[in-house]
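Residue numbers start at 1 and run along the sequence shown.
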Amino acid sequence: QVQLVESGGGLVQPGGSLRLSCAAPGSIFRIHNMGWYRQAPGKQRELVATTTRGGSTNYADSVKGRFTISRDNTKYILDLQMNSLKPEDTAVYYCNAAFGIITYWGQGTQVTVSS
């Protein structure tokens, strides 16, 4: 199975910053669109940010201006820089790779924003 490996989750105070990383096989990284999703307790999974193979980015309105998605096409790493974190950002964050109807998910990493 294709494996996406996430890291960087943890506990941070409101207003703080955190950086998430996702490592993917090079063949997947080069072919697939990549993105970050999150799921809060009792809530549906929602899109956070995506980046296409061509480098275009898209952000949910709730994180626009605070989060930055980036990809390193030589190291095959997808990052999500999260600044000015709010308690409502608390969720399990998932790395995603998509190509048409084919979708791969990471195991998820917990982000908790609390004082």
Side-chain angles (χ1 to χ4, degrees):
Q1 294 274 37
V2 174
Q3 187 174 27
L4 306 180
V5 182
E6 299 150 311
S7 62
L11 175 65
V12 64
Q13 293 184 329
S17 298
L18 208 60
R19 188 179 184 91
L20 306 182
S21 294
C22 172
S27 59
I28 298 299
F29 200 93
R30 293 294 183 89
I31 295 174
H32 291 70
N33 296 323
M34 304 290 294
W36 288 96
Y37 291 71
R38 68 185 182 187
Q39 186 169 19
K43 305 294 183 180
Q44 294 183 329
R45 188 173 298 184
E46 65 177 2
L47 182 148
V48 176
T50 60
T51 179
T52 67
R53 290 174 291 166
S56 298
T57 58
N58 181 61
Y59 297 91
D61 289 340
S62 60
V63 307
K64 193 174 299 182
R66 300 187 297 119
F67 291 10
T68 302
I69 188 171
S70 62
R71 60 193 297 165
D72 188 326
N73 291 328
T74 59
K75 298 180 179 179
Y76 312 132
I77 299 293
L78 179 73
D79 286 342
L80 182 68
Q81 178 65 48
M82 304 183 293
N83 299 324
S84 302
L85 284 163
K86 306 174 181 179
E88 51 262 43
D89 294 319
T90 296
V92 177
Y93 285 70
Y94 297 90
C95 181
N96 170 266
F99 182 69
I101 64 172
I102 303 174
T103 302
Y104 301 98
W105 294 97
Q107 77 284 358
T109 184
Q110 177 70 50
V111 172
T112 302
V113 184
S114 176
S115 59

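Leu47 and Met34 are not part of a single hydrophobic cluster, where members link through side-chain heavy atoms under 4.5 Å apart. Following chains of ILVMFWY side-chain contacts shorter than 4.5 Å, one can reach Tyr76 starting from Trp36, so the two form part of one hydrophobic cluster. With hydrophobic clusters built from ILVMFWY side chains whose heavy atoms lie under 4.5 angstrom apart, Val48 shares a cluster with Tyr59. A single hydrophobic cluster is not seen to contain both Tyr37 and Val111; linkage of ILVMFWY side chains at heavy-atom distances under 4.5 Å, directly or through other members, places them apart.
Residues Gln110 and Val92 come closest through the heavy atom pair OE1-CG2, 3.3 Å. The two residues Glu6 and Tyr93 make their nearest non-hydrogen contact at OE2-O, 3.4 Å. Scanning all heavy atoms of the two residues, the minimum distance from Gln107 to Val5 falls at OE1-CA, 4.0 Å. Residues Ile69 and Gly35 share a closest heavy-atom pair of CD1-CA, 4.1 Å. Residue Leu78 comes nearest to Arg71 through the heavy atom pair CD1-CB, 4.1 Å, listed as atom of the first residue, atom of the second, then distance. Here the closest heavy-atom approach between residue Gln44 and residue Gln39 is recorded as C-CG, 4.1 Å.
A donor-acceptor pair shorter than 3.5 Å cannot be found between the side chains of Gln81 and Asp79. Using modelled atom types, one finds a donor on one side chain and an acceptor on the other under 3.5 Å when comparing Asn83 with Ser17.
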Full working for side chain to side chain contact (heavy atoms under 4.5 Å, CB included) between Phe67 and Leu85: CA-CA 9 Å; Phe67 291 10; Leu85 284 163; 3.8 Å; yes
Chi angles and distances behind the side chain to side chain contact (heavy atoms under 4.5 Å, CB included) call for Asn33, Arg53: CA-CA 5 Å; Asn33 296 323; Arg53 290 174 291 166; 3.8 Å; yes
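Pairs passing the salt bridge (charged side-chain N to carboxylate O under 4.0 Å, His left out) check and including a residue from residues 92-104, sequence neighbours excluded, do not occur. Here disulfide (SG to SG under 2.5 Å) pairs that include residues 80-114, with residues two or more places apart or in two chains, are Cys22-Cys95.
Rounding to the nearest 0.5 angstrom, the gap separating the NE2 atom in His32 from the OG1 atom in Thr103 is 7.5 Å.
Among Asp89, Leu20, Val12, the one residue that satisfies the side chain to side chain contact (heavy atoms under 4.5 Å, CB included) test with Met82 is Leu20.
Counting heavy atoms from C-beta outward, Lys75 and Ser21 have side chains that stay 4.5 Å or more apart. Contact of the Leu11 side chain with the Ser114 side chain is registered, since non-hydrogen atoms from C-beta on lie closer than 4.5 Å. Side-chain contact between Leu80 and Arg38 is absent, with no heavy-atom pair separated by less than 4.5 Å.
Ring orientation note: the planes of Trp105 and Tyr94 are nearly perpendicular, at an angle over 60° on the 30°/60° scale.
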